[in-house]
S.K.: 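Take this structure, written in structure tokens, and hold onto it; I'll ask about it next.
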Amino acid sequence: MRFSRMLLPTLKESPADADVVSLKLMMRAGMIRKVAAGIYNLLPMGVRVVGRVETIVREEMNKAGAQEVRMPVVVPSELWKESGRWDAYGKELLRLRDRHDREFCLGPTHEEVITDMVRREVRSYRELPMNLYQIQTKFRDEIRPRFGLMRGREFTMKDAYSFHADDESADKEYRNMFEAYCRIFERCGLEFRPVEADTGNIGGNFSHEFMVLADTGEDAIAACNACSYAANVERAEVRRPPSQPATEQAKMPEKVSTPGKKSVEEVSAFLKVAPKRLIKTLIYETDKGVVVALVAGDDELNEIKFKRAIGAGFVVLASEGIVVETTNAPSGFAGPVGLKTRIVADFNVRWLTDAVTGANEANSHLINVNAGRDFEAEYFDLKTARDGDACPRCASGVLSIRRGIEVGHIFKLGTKYSKAMNTTFLDEAGKERPMIMGCYGIGIGRTAAAAIEQNHDQYGIIWPAPLSPFDCEVTPVNVRDENTLKAAFGIYDSLKEAGLDALIDDRDERAGVKFKDADLIGIPVRIIVGEKNLKDGLVELKLRKTGEVRLIKVQEVVQEVKALLEKTTKGG
RNA sequence: CGGGGCGUGGCUCAGUCUGGUAGAGCACCGCGUUCGGGACGCGGGGGCCGGAGGUUCGAAUCCUCUCGCCCCGACCA
């Protein structure tokens, strides 16, 4: 492709509303343009990158035995009513009506449609298992779209759904997809990590997220430094602390005055007690009634773990009124001692000796409080995992917290949708049974954005070779010099003949302008054709990632570029 | 949905408080000089100042309403 003929509008400055690096660079590199909040045009550069991600995903999905289908973007409401999500999904589901006033929605995900498709066509265990996928535009009317392609309202997703006669088969496909996903992100040249994840409101039994590691990632993940355990912090477990014998000299509780001291920091500073010796008492309203949660003062309650521990559907921090009703004290002075409400506590609270907690009386706290003696509670792992916490899976490992961008998610769905939508098959005994399902998603645009978040510098994008819009760029330093231009196009032609995707910057621009644009666009290999070197039959070969420059003979360009791409692909 | 902010050439922004002929830099077009890391000079094109209503002799500027966008929060494969 000739740069001079390509719609490739690079920008010197980032648009003011671009909030993350990947969006700024995608805009500046002429890949995308915003059409409305969370909705973008993909320009030729953008299409190329997204196309490469799609190709890798498609190839690996096919290789893994899945079959490609295409479902509609506009979905009739009946299907969503049947699964119960028409009412459950909320405003994120964009609803619309046709001229006959029939209700539809823009599909944010396609469990209903695929389940309907399969139930119409598949009857027998002989046809199972089956894995169907599509690469399709989705729409989610996000409250606050941001971060460009990373969290748009309209976005491209690869979503696969598998159907099985039994659990064993579903588990096998889950592992198959797990491995396919690893291959996909490896082939993309990305540093990633599969982590245990919460299943959220899609429902299901267990789940992994595939995280591209990047400091700017929205999700925090906890990974063990000794074993392979890694989990989203939303659900990361922490090793249960060992039991400790009750301290014999434990003192008796005593009420102390703490005027106006409510927060852990305030009380800790006022009483000169370390935050971890405080018991934080949180009052929650839940669908199981009011429940009190206790965590050590320096820990944070993980609401997802809490919700699961008490078997609740929703939990919300109680209003001031409920707090007063429950503890007879304004918020900030709640404590477990003497409460009649259900109390659940983190393991760390169990072995605190002479702890400090609210006295359930305004401006007062209790000191010398000991769990087991002064109050009873049910104990669970409730805290949010922190850097340095002990690994739940191995004996010596320690968790470290890193950040990641969720680019893939695999679920074992079970029979949630097949039961709701009556998707059954006949087994060998002729008995009707619901199919077991799995569901496997990859955000295509988000993967491209994550690649940039993970691979850029102050000058621009540094594409991993497999995702780069072009394999290499030929830069004739001065197109007014006939020899330069001729040599550059000669090289360009031979690269193309060798099956490489090349961009040639044939614009009549100063060298500096071309170099800056090349750095911005981030094509991994650059061939710089200049007058002086050309006299000796040489050109420069420059790597975007390291800045390394080598002089090579014109005739060797093709083989050198091929070798380099091979290497960068394998090396990541 | 709550709180805050912003809409002025394609892009980044000044001008708004204190009403009086719409500006700068970049980008774009022409000519000349320059030519290996975002050159320079001269000349030029391009803006219903988001939209509607109002106040005023006069509104980018003041008032009201509206639309869009951004940030923080809550929410979220």
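To find a chain, count down the sequence lines: A is the first, B the second, and so on, and within it residues start at 1.
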S.K.: Please name the residue in the list A:Ile184, A:Asn62, A:Thr447 that meets the side chain to side chain contact (heavy atoms under 4.5 Å, CB included) test with A:Val57.
M.R.: A:Ile184
S.K.: Salt bridge check: are A:Asp215 and A:Arg402 linked by an N-O gap of less than 4.0 Å?
M.R.: no
S.K.: Which base, if any, makes a Watson-Crick or G-U wobble pair with B:rG73, both distances under 3.5 Å?
M.R.: B:rC1
S.K.: Under 4.0 Å between a side-chain N/O of A:Arg144 and OP1 or OP2 of B:rC72, yes or no?
M.R.: yes
S.K.: Look at all strands and tell whether A:Gly90 reaches a base, only sugar-phosphate, or nothing, counting heavy atoms closer than 4.0 Å.
M.R.: nothing
S.K.: Send over the distance from A:Asp141 CG to B:rC1 C1', rounded to a whole Å.
M.R.: 13 Å
S.K.: Please determine, by modelled atom types, if A:Glu531 and A:Thr484 share a side-chain donor-acceptor pair under 3.5 angstrom.
M.R.: no
S.K.: Touch check for A:Phe155, heavy atoms < 4.0 angstrom, all strands: base, sugar-phosphate only, or nothing?
M.R.: base
S.K.: Rounded to the nearest angstrom, tell me the gap between atom CG in A:Asp17 and atom P in B:rC69.
M.R.: 10 Å
S.K.: What distance, rounded to whole Å, do you find between the two C1' atoms, one in B:rG9 and one in B:rG53?
M.R.: 27 Å
S.K.: Tell me: CG of A:Asn232 to P of B:rA77, nearest whole Å?
M.R.: 11 Å
S.K.: Is the cationic atom of A:Arg52 (NZ for Lys, CZ for Arg) positioned less than 6.0 Å from the six-membered ring centroid of A:Trp463 and within 45 degrees of its normal?
M.R.: no
S.K.: Got a salt bridge between A:Arg480 and A:Asp508, using NZ or NE/NH1/NH2 to carboxylate O under 4.0 Å?
M.R.: yes
S.K.: Round to a whole Å and report the spacing from OH of A:Tyr133 to P of B:rA77.
M.R.: 25 Å
S.K.: From B:rC13, B:rA77, B:rC71, pick the nucleotide closest to the side chain of A:Arg446?
M.R.: B:rA77
S.K.: Suppose you measure atom C1' in B:rU56 against the same atom in B:rC63; what distance do you get, rounded to whole Å?
M.R.: 12 Å
S.K.: Suppose you measure atom C1' in B:rG46 against the same atom in B:rG23; what distance do you get, rounded to whole Å?
M.R.: 14 Å
S.K.: Atom CD of A:Gln458 to atom C1' of B:rG38: distance rounded to whole Å?
M.R.: 14 Å
S.K.: In this structure, how many angstroms lie between the C1' atom of B:rC75 and the OH atom of A:Tyr89, rounded?
M.R.: 12 Å
S.K.: So what does A:Asp159 touch, heavy atoms closer than 4.0 Å: a base, only the sugar-phosphate, or nothing?
M.R.: nothing
S.K.: Can you check the distance between B:rG45 and B:rG58, where both ends of the measurement are the P atom (answer in whole Å)?
M.R.: 31 Å
S.K.: Has the side chain of A:Arg151 got a donor or acceptor that lies under 3.5 Å from a partner of the other kind on the base of B:rC76?
M.R.: yes
S.K.: Suppose we define a pair by two distances each less than 3.5 Å, Watson-Crick or G-U wobble; what does B:rG25 pair with here?
M.R.: B:rC11
S.K.: Using whole Å, report how far CG of A:Leu8 lies from P of B:rG38.
M.R.: 20 Å
S.K.: If you apply the rule side-chain hydrogen bond (donor to acceptor under 3.5 Å, both in side chains), what do you find for A:Glu173 with A:Tyr440, and how did you get there?
M.R.: CA-CA 10 Å; A:Glu173 184 61 14; A:Tyr440 320 92; 5.2 Å; no
S.K.: What is the base-pairing partner of B:rG45, counting Watson-Crick and G-U wobble geometry with both distances under 3.5 Å?
M.R.: none
S.K.: Just N and O in the side chain of A:Lys91: are any of them under 4.0 Å from OP1 or OP2 of B:rC76?
M.R.: no
S.K.: Both distances under 3.5 Å, Watson-Crick or G-U wobble: report the partner of B:rC62, or none.
M.R.: B:rG54
S.K.: Taking only nitrogen or oxygen atoms into account, show me every contact under 3.5 Å that the protein makes with nucleotides 6-8 of chain B, one pair per line with its distance.
M.R.:
none

S.K.: What does the B/S/- profile of nucleotides 25-37 of chain B look like, 5' to 3', with a 4.0 Å heavy-atom cutoff to protein?
M.R.: BSS------BBBB
S.K.: Using atom P of each nucleotide, how far apart are B:rG4 and B:rA77 to the nearest Å?
M.R.: 29 Å
S.K.: Just to verify, what does A:Tyr181 make a ring-ring contact (aromatic ring centres under 6.0 Å, His included) with, not counting sequence neighbours?
M.R.: A:Phe210
S.K.: For a quick check under 3.5 Å, do A:Glu112 and A:Ser83 share a side-chain donor-acceptor pair by atom type?
M.R.: yes
S.K.: In whole Å, what separates the C1' atom of B:rA59 from that of B:rU8?
M.R.: 14 Å
S.K.: Between B:rA39 and B:rU34, how many Å separate the two C1' atoms, rounded to a whole number?
M.R.: 7 Å
S.K.: Any salt bridge between A:Lys138 and A:Glu154, counting N to O under 4.0 Å?
M.R.: no
S.K.: A:Glu60 side chain to A:Ile56 main-chain N or O, any donor-acceptor pair under 3.5 Å?
M.R.: no
S.K.: Mind checking the C1' distance from B:rC62 to B:rG44? Whole angstroms is fine.
M.R.: 37 Å
S.K.: Could you check which nucleotide pairs with B:rA39 in any of the strands shown, counting Watson-Crick or G-U wobble with both distances under 3.5 Å?
M.R.: B:rU33
S.K.: In whole Å, what is the span from the CD1 atom of A:Ile304 to the C1' atom of B:rC76?
M.R.: 11 Å
S.K.: Salt bridge check, A:Lys307 against A:Asp287: does any charged N sit closer than 4.0 Å to a carboxylate O?
M.R.: no
S.K.: Base, sugar-phosphate alone, or nothing: which one does A:Arg28 contact when heavy atoms must sit under 4.0 Å apart?
M.R.: base
S.K.: Does the side chain of A:Asp159 pick up a donor-acceptor pair with the side chain of A:Gln134 at under 3.5 Å?
M.R.: yes
